[in-house]
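Order of listing sets the numbers, starting from 1, for every ligand and every atom in it. Quick note: numbers below take in every heavy atom, side chains included, and nothing from hydrogens, waters or symmetry partners. What you see is a predicted model; the values in this text were computed from it and never measured.
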Amino acid sequence: MAVLKPKVLRFESLPSTNTELARLASEGAAEGVSIVADEQTAGRGRLQRAWSSPKGAGLYFSILLRPAIPQNHWPLITFMAALAVGDALREASGVQTDIKWPNDLLSGERKICGILAEAIETPAGRAVIVGIGINLTQNAFPPELANVATSVATSTGRPPDRERILAALLDALSRWYSLLDEPGRIVDAWSNRSSYAIGKLVQVSNGDDLWQGTTAGVEPDGALRLRTASGEIKLVRAGDVYSVRPSD
Ligand code: BT5
């Protein structure tokens, strides 16, 4: 069982907490070293997308992990982080969340948190940087996020307490990380908390292909099972999932 001892470094402003932590990891930083920044000037999502990170409006956090699990289970690191964020938001601010495969937390069907797990090579071996962006307020969001994003302040109607959420997140990450070598427990817990795991009509795009189907659970390695209209099961390992209303 892996024991995680987070150690938090704080910055006023960084291009990206993931990028800075990757730099520290390449210089030999230990597992558990974490970064929090008040703002990011080049916050990133997947596929070089931008993560809006205005000053004071979010918890912009990254943690360095060196998991001793088989490579094919590494997608479960994103699952374990999503479980930890869900716990932290519930415990520290009373926000209930849904998980959208593979890396989003939703509140009221809008994105409140995104997770970016990036594997890197370091002198001490392969490592992963898990970046977590939680929206605390949304006053400074760009207009294009108005209909897709939400924040702790909007969900609760109260000013969010960043330090309390951070403390709860560190505790929850330590708890879930210790279960990473029991993939079945991570997948079961994730499936219980995700309305996207089973029976959801969705479209999945992975750049080249667009599929429509009904979700049919996740594989032990985190791949999403999609049942298409012809009854075929496709395994989705990367892509974006969109909920579809039956009349669409
Ligand atoms: C993600 O990517 O959701 C991963 C986001 C990870 C951000 C954290 S913050 C700390 C660490 N340092 C970094 O540089 N990154 C990590 P993806 O699934 O690709 O979603 C990106 C999309 O979400 C964008 O294209 C926008 O549509 C939308 N988006 C951007 N900023 C957002 C925000 N603050 N809240 C909600 N949605 C946002």
- Query: Of all the non-hydrogen atoms in the protein, which one sits nearest to atom 11 (C) of ligand 1, and at what distance?
  - Reply: T17 OG1, 3.2 Å

- Message: I'd like to know if N135 contacts ligand 1, where contact means a heavy-atom distance under 4.0 Å to any ligand atom.
- Response: yes

- Considering all heavy atoms of both residues, which atom of S13 and which atom of T41 are nearest to each other, and what is their separation? OG-CG2, 3.9 Å

- Going by the order shown, which atoms of ligand 1 are within less than 4.0 Å of some heavy atom of G43? 14 (O)

- Could R46 and D104 be called an ion pair, given the rule that one side-chain N must be under 4.0 Å from one carboxylate O? no

- Message: Does this structure show an ion pair linking E219 with R225, if we count only N-O contacts that are shorter than 4.0 Å?
- Response: yes

- How far is atom 3 (O) of ligand 1 from its nearest protein heavy atom, and which residue and atom is that? K111 NZ, 2.7 Å

- Item | Side-chain ion pair, E118 and R44, N-O less than 4.0 Å | yes

- Message: Is it the case that ligand 1 has an N or O less than 3.5 angstrom from some N or O of D240?
- Response: no

- Query: Is it true that R49 and D240 make a salt bridge, defined as a side-chain N closer than 4.0 Å to a carboxylate O?
  - Reply: yes

- closest protein heavy atom to atom 15 (N) of ligand 1 is R44 O, 2.8 Å

- Identify the protein heavy atom lying closest to atom 8 (C) of ligand 1, giving its residue, its atom name and the separation to 0.1 Å. G133 N, 3.6 Å

- Item | Pair D87 + R175: basic N to acidic O under 4.0 Å | yes

- Query: Nearest protein heavy-atom contact for atom 31 (N) of ligand 1: which residue, which atom, what distance?
  - Reply: S52 N, 2.9 Å

- Task: For atom 38 (C) of ligand 1, grab the closest protein heavy atom and report residue, atom and distance to one decimal in Å.
- Result: W51 CZ3, 3.4 Å

- Message: Heavy-atom pairs closer than 4.0 Å: do any link ligand 1 to the side chain of I132, the backbone, both, or neither?
- Response: backbone

- Taking atom types as modelled and ignoring hydrogens, do the side chains of E31 and Y177 form a donor-acceptor contact shorter than 3.5 angstrom? yes

- Message: Pair V36, L59 - check side-chain contact (heavy atoms from CB on, under 4.5 Å), show working.
- Response: CA-CA 7 Å; V36 174; L59 174 58; 4.0 Å; yes

- Query: Counting heavy atoms only, which of K100, Q138, E118, R49 comes nearest to atom 19 (O) of ligand 1?
  - Reply: R49

- Item | Atoms in ligand 1 flagged as close to A149, the criterion being non-hydrogen separation under 4.0 Å | 35 (N), 36 (C)

- Message: Using the rule given for side-chain contact (heavy atoms from CB on, under 4.5 Å), can you reason through I63 versus L4, listing the C-alpha separation, both sets of side-chain angles and the distance that settles it, and then say yes or no?
- Response: CA-CA 10 Å; I63 186 164; L4 190 61; 3.9 Å; yes

- Message: Taking the basic N atoms (NZ, or NE/NH1/NH2) and the acidic carboxylate oxygens, is any pair closer than 4.0 Å for K111 and D98?
- Response: no

- Message: For atom 12 (N) of ligand 1, what is the closest protein heavy atom, and at what distance to 0.1 Å?
- Response: Q40 OE1, 2.8 Å

- Pick one of side chain, backbone, both or neither for how A50 approaches ligand 1, counting any non-hydrogen atom pair under 4.0 Å. backbone

- Please state which protein non-hydrogen atom is closest to atom 26 (C) of ligand 1 and give its distance, to 0.1 Å? L145 CD2, 4.0 Å

